[in-house]
**Q** 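Encoded as structure tokens, here's the structure I'll be asking about.
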Amino acid sequence: MYGFNNLTKTLSFNIYDVCYAKSEKAQKAYIEYIDEQYNSERLTKILCDVTEMIGAHVLNISKQDYEPQGASVNILITEEALPLHLIDESCNKGEGIAAQRDTIHAHLDKSHVTVHTYPEYHPDNAISTFRVDIDVSTCGMISPLNALDYLIGSFDSDIITIDYRVRGFTRDVEGKKFYIDHNITSIQDYIDDETLKKYDAIDVNVYQSNIFHTKMLIKEIELQNYLFNKDVNELLPKQRLEITNNLRKEMIEIFSGMNIY
């Protein structure tokens with residue numbers, strides 16, 4: 001390639017975790033649990049791990065906790081490590097930030113990594129959901145796809161929607177334009193086979209525009225994993241079946257992006 005690779009590669013996805021919490025007290029306890037489990041410190045670690053995996057370097061991190069719930073993290077990253085005299089004095093390079101706040105934003109010289117969390121419940125519905133939005137955007141040779149499998153494994157993922165897009169163009173030494181610099185047929189190619197076995201997955205791709213979309217839905221529901229502060233043996237068989245069916249309906253609607261039932 002000639003000069004700097006100007007292609008922008010963006011990976012965006014939502015991860016949903018579904019939980020059964022019947023009483024309002026249990027629902028609020030679930031939200032508090034999620035806020036504690038995915039606080040800024042843990043989110044910062046996950047994003048810093050992602051930065052390292054894709055071969056980038058942290059320039060700046062910002063984070064914030066929200067009331068009544070939720071958190072955000074943003075990291076600015078650079079493809080190559082920059083000499084200290086070239087780094088803006090306002091950048092914290094991630095030093096000492098993990099223990100300060102619960103929302104995180106990281107800045108990169110060519111890229112960024114962000115995460116936002118959205119726990120939610122409704123008092124009339126026994127099913128609560130936790131959504132994580134993650135965006136990894138890079139320029140140059142580094143690719144956000146390298147961290148995809150790690151990110152999926154970092155959260156309890158019942159439904160996953162993933163978008164990947166390559167924008168802009170770069171040139172070779174003879175001046176010919178390239179609108180993508182790597183071969184890709186599906187986002188699924190970058191997910192471990194053992195992970196894929198757990199999900200039903202479909203692709204909706206627009207190859208001519210270098211746009212790739214994948215949706216994944218967990219195959220098996222082991223009810224105990226979805227009960228908050230409750231043992232499955234406390235439930236009658238009829239109750240177990242009803243709860244399992246309600247969980248599946250909720251997942252199918254989120255997966256489909258529409259109200260079905």
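Everything numeric in this text was worked out from a predicted model, so none of it was measured.
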**Q** Just to verify, what does Lys197 make a side chain to side chain contact (heavy atoms under 4.5 Å, CB included) with, not counting sequence neighbours?
**A** Glu194
**Q** How close do Gln27 and Ser128 get, counting heavy atoms only, and between which atoms?
**A** CG-OG, 3.9 Å
**Q** Can you run down the salt bridge (Lys or Arg N to Asp or Glu O under 4.0 Å) pairs that involve residues 132-150, sequence neighbours left out, and say none if there aren't any?
**A** Arg131-Asp133
**Q** List the residues meeting side-chain hydrogen bond (donor to acceptor under 3.5 Å, both in side chains) with Tyr16, not counting sequence neighbours, and say none if there are none.
**A** none
**Q** Taking ring pair (Phe, Tyr, Trp, His ring centres under 6.0 Å) as the cut-off, I'd like each qualifying pair that reaches into residues 122-147, sequence neighbours left out, listed once.
**A** Tyr38-Phe130
**Q** Would you mind listing every side-chain hydrogen bond (donor to acceptor under 3.5 Å, both in side chains) that reaches into residues 201-217, with sequence neighbours excluded?
**A** Asp163-His213, Ser186-Asp203, Gln188-Asp203, Asp203-Thr214, Asn205-Tyr207
**Q** Is there any salt bridge (Lys or Arg N to Asp or Glu O under 4.0 Å) pair reaching into residues 23-32, and which pairs are they, with sequence neighbours excluded?
**A** Glu24-Lys28
**Q** Name all pairs fulfilling the salt bridge (Lys or Arg N to Asp or Glu O under 4.0 Å) condition that reach into residues 223-244, sequence neighbours left out, sorted by first residue then second.
**A** Lys230-Glu234
**Q** Taking atom OH of Tyr33 as the centre, does the number of heavy atoms from other residues, nucleotides or ligands within less than 6.0 Å exceed 12?
**A** no
**Q** Is there a donor-acceptor contact under 3.5 Å linking the side chains of Tyr226 and Asp158?
**A** yes
**Q** Just how far is it from atom CZ of Arg167 to atom CD1 of Ile211, taken to the nearest 0.5 Å?
**A** 10.0 Å
**Q** With sequence neighbours left out, write down each residue that passes side-chain hydrogen bond (donor to acceptor under 3.5 Å, both in side chains) with Asn14, or none if nothing qualifies.
**A** none
**Q** Listed by chain and number, what are the side-chain hydrogen bond (donor to acceptor under 3.5 Å, both in side chains) partners of Glu120, not counting sequence neighbours?
**A** Thr129
**Q** With Tyr30, which residues qualify under side-chain hydrogen bond (donor to acceptor under 3.5 Å, both in side chains), at least two apart?
**A** Asp17
**Q** Tell me, which pairs form a salt bridge (Lys or Arg N to Asp or Glu O under 4.0 Å) where one or both residues lie in residues 247-259, sequence neighbours left out?
**A** none
**Q** Can you list the residues that meet the ring-ring contact (aromatic ring centres under 6.0 Å, His included) rule with Tyr150, with sequence neighbours excluded?
**A** none
